[in-house]
Amino acid sequence: MNRFLAIGIRLMNRLRYPQKFALITCLFAVPLALLFYLWLVQIAARIDFTRQELAGLQYIGALRQLLEPLQRTQALGVLAAADRPASSAALAQERERIATGAEAVDRADRQLGGQLRTDASWSSLRARVADNGAPPEPFVGETLRLIAQVGDSSNLILDPELDSYYLMDAVVLRLPALSEQLRAFGVATLAPASGPRDPVLDGQAIAARTRAAAERAALQRGHAVAFRANPALRATLEAPLAASAAAVDSFMRLTGDAVAPDAPPPHFGPTSDAFQHYAAAAGAVFGHFDAAAPALDDLLAARVRRLTHYRALLIGLVICTLAVVAYLWVSFYAAVRQAVQALDDVSHRMRAGDFTGPLALESRDELSQVVESFNRVAAQLRLEWARAQDESARARAAEAAAEAATRAKSEFLAVMSHEIRTPMSGILGMTHLLLSTRLDKEQRRQAEIVRDSGESLLAVLNDILDFSKMEAGRLELMAADFDLSTLVDNVASLLGPRAHEKDLYLETALADDVPRALSGDDGRLRQVLLNLVGNAIKFTDRGGVCVEVSRLGSENGRTGLRFAVVDTGIGIAPEAQERLFQEFTQVDLSATRRFSGTGLGLAIVKRIVTAMGGRVGVASAPGQGSTFWFEVALRPAMRAITPRSPRPLVAVRPLRILVAEDNVVNQQVARGLLKMHGHQVEIVSDGRAAVEAVRTGTWDVVLMDAHMPIMDGCTATGEIRRLPGERGHVPIIAMSASVTREDTAAFLAAGMNGYLPKPIDPPALAEALAKLSGAGTSDAASLAPAGEPTDEVVDEAHVHLLFDALGAAKISQLVEGIEAETAPHRARLAAACTSGDLAAALAAAHAVKGVAASLGMTALAELSDGIESAAARGDAQRYATLLPALEPALAEAVARLRTLCAGMR
Ligand code: ADP
């Protein structure tokens, strides 16, 4: 079945509903329209046919008015021939009737001659009929022929209907024929009887009588059939039929009933009696005609009316049917569209998340089935949607809770960091102060342990705080111009001491094609390198660490750089490498592990590098060392950057410093650190007191703790800035354990000039004081710019700061290790002098310069810088001149530092 319908289904599936309707309607309507058309054409043809008959009947009616007087005239002519005066008067009267009849025919011919094609015949007859003297005999025959012709041309004699056929037969054929036979019989019997009997006349009379009898009988039969077919005719025609039959019979009986039909009729002679008999019979026949013709006319007219009615009915039916079909089609289409539209609307609503109520459709057809299925699906979806809403509400709530928890965690960490850093400042500050006093060996060792533990704790704290900030999505990268070689050197200088402690070398190697002047977040880059290099030193026991930077290529104005920290340490097993960059992950989790750590360093590294759009990885094998690498693309610096020569450490002239700090330990640390540098220090414990002190006293700098009772640092700064005159412009440095981006922005917005994180880093404090007090440049003893000769072997101020920051023990340890630390570099420098490979000497000179500068060995740093410049220029002569001074300069600097260290203990 389905296969049978496949073509139809395929066709229907391709069409839209209006097209389907149009197709089906056409397939139905075209043959039906054809059928209806043919039907209507047939009805119209029948109407025309009948109308033609009516026209013919009308014409024949006019001809009948001519025929009767013509026939009577002929009969009267016989009388006139017998010289019967009465007949002459009657003849004249008949002639008048002929003229009247002719006029009637004239009218009919004018109206219908063309249609019935009688105009030619009639006009020829008409011309002669008008002639009064002409004998009427030929006209009678012609009139009869004309009647027969009209019978033909008007279709009357072709009429197939039974009821009208016999009436037509009577009107067109029988009654005119009967009247003619009566006339012939009359004329034959009225002939003058004086002469011998004319056998021709006798014959004519016999023939006429016989035919008349036959016509009469035929009329009787025909009428009987017509009455049966249409009983209503009986009322109008029965009497005229009987009258005409009786009149004919009585006329015929004049010739004697007994006489055999073929016996010669008697001669009456031209008597008026005989004529009267003829006239009566003929009159009855024409009376019959006058009754039959209207009856026929009525029949035909009724038929035309019936057909017209029928046709109107048919057209009406077709129009009604078409209208009803069209109406139903349109309604059907509207119903389908309504249903589809409703489905569409509901599905739109559902897409927008509105699942209210099922779709209601008043229909019992197949569409209702579709709607029911749709409603079932919609109900299911409603359930799912409600469930999804619930779940997403729960998820949102959970997310909000998680966000709140993260916020709370961050806030907690900020508070904790503040709370932990504050005592840590105390511990570290006091330890620095303690270490700067005279201690015996054991006491110094214990104090150094306290300091080192504090610094480790601070590092761990920093890691946790940093990572929690990143986790809360608060890792924001800054963009500033920086010098890459300075950055790398700085990392090496900072971690060099740790490497030396373990007897490791720490080298840096920047490829020549690596651009130095770059733009990016150098602080974060430094943090990544510090982490990787710190790890490398931590997990290496022999050999050393090398930081290599190479160029990868350029794209979109950025230069790709690959940083690799290569160590010769313990290495990492492949299975451990996979989880290295996950937070809190350490390779060795055993209780007996040798290395401490939080397991956050590499996770932080990965987050920073990823935030920079780069990638990070490791190549390592157990016992083979590790290479931690990362790749980032950086833009070139906006402005030219001059690589900073070894950091000019600043000493500051004695200043009047107001310290606003509520924590007693911190107060003492600050006092100790500042007094150590000869500053006058006044301490206040809250912001209100700070404002008061500034209003009444004279200060070079105010160190303002951010969090204090009574009035916090920012509010106090605002108040101070509103003080009149110079006092309102006193430089203020914020001190805070929390130095997030928002905090520092708040400090600066409050009118502070800078900020220092707690615990206070002595060199940073010195630098900040120098910058803000304007003292660093004029009065301060600072290192002379690189390249200029200097007599100073060691920058004592810098060394003092180092003592403060690192402690004398650490410094003397570094001093003792410096010769070994620089030995490989010095060996390479000496080798280059003999081999002439100055390029190889470049890195070695740079390494010596970095170490010397970090320990404040000014002369050695200067000399190494000169050697490095000569090597870079390829100036072998200058190189050879400077190199011999290197060893004495080193020895002198070490000796000077030893003395200083001894002085410090
Ligand atoms: P941690 O604070 O423990 O050092 P990291 O995230 O920096 O945390 O390092 C995670 C772990 O990765 C370390 O505990 C160590 O096991 C391993 N690791 C990192 N760097 C090296 C390296 N250079 N050599 C060997 N192992 C390393």
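Not measured: the values here are computed from a predicted model. Residues take their numbers from the sequence shown, with the count starting at 1. In each ligand, atom 1 is the first atom listed, and ligand 1 is the first ligand listed.
Counting heavy atoms under 4.0 Å from ligand 1, residue T540 does not touch it at all. Only the backbone of L600 comes within 4.0 Å of ligand 1, counting heavy atoms alone; no side-chain atom from C-beta on gets that close.
Side-chain atoms of Q446 never come within 3.5 Å of backbone atoms of Q443 as a donor-acceptor pair (strictly under, hydrogens ignored). T508 places no side-chain N or O within 3.5 Å of a backbone atom of V547 that could act as its donor or acceptor partner.
Of the inter-residue distances, the one linking R524 atom CZ with I604 atom CD1 reads 8.5 Å to the nearest 0.5 angstrom.
If you number the atoms of ligand 1 from 1 as listed, the ones under 4.0 Å from a heavy atom of A536 come out as 23 (N). Counting atoms of ligand 1 from 1 in the listed order, those under 4.0 Å from a heavy atom of K538 are 1 (P), 2 (O), 4 (O).
A donor-acceptor pair shorter than 3.5 Å can be found between the side chains of S485 and D483.
Note: an N/O pair closer than 3.5 Å links L602 and ligand 1 by distance alone. No N or O atom of N531 sits closer than 3.5 Å to an N or O atom of ligand 1.
Look at S626 and you'll find a heavy atom under 4.0 Å from some atom of ligand 1.
Comparing heavy-atom distances from atom 15 (C) of ligand 1 across F539, F581, F628 singles out F539 as nearest. When the heavy atoms of I572, I570, I604 are ranked by distance to atom 26 (N) of ligand 1, first place goes to I572.
Between R635 and E555, none of the side-chain N atoms (NZ, or NE/NH1/NH2) sits under 4.0 Å from a carboxylate O, so this pair counts as no salt bridge. By the 4.0 Å N-to-carboxylate-O rule, R498 lies too far from E501 to be salt-bridged with it.
Checked against L890 for a side chain to side chain contact (heavy atoms under 4.5 Å, CB included), the options V848, T822, L863 give a single hit: T822.
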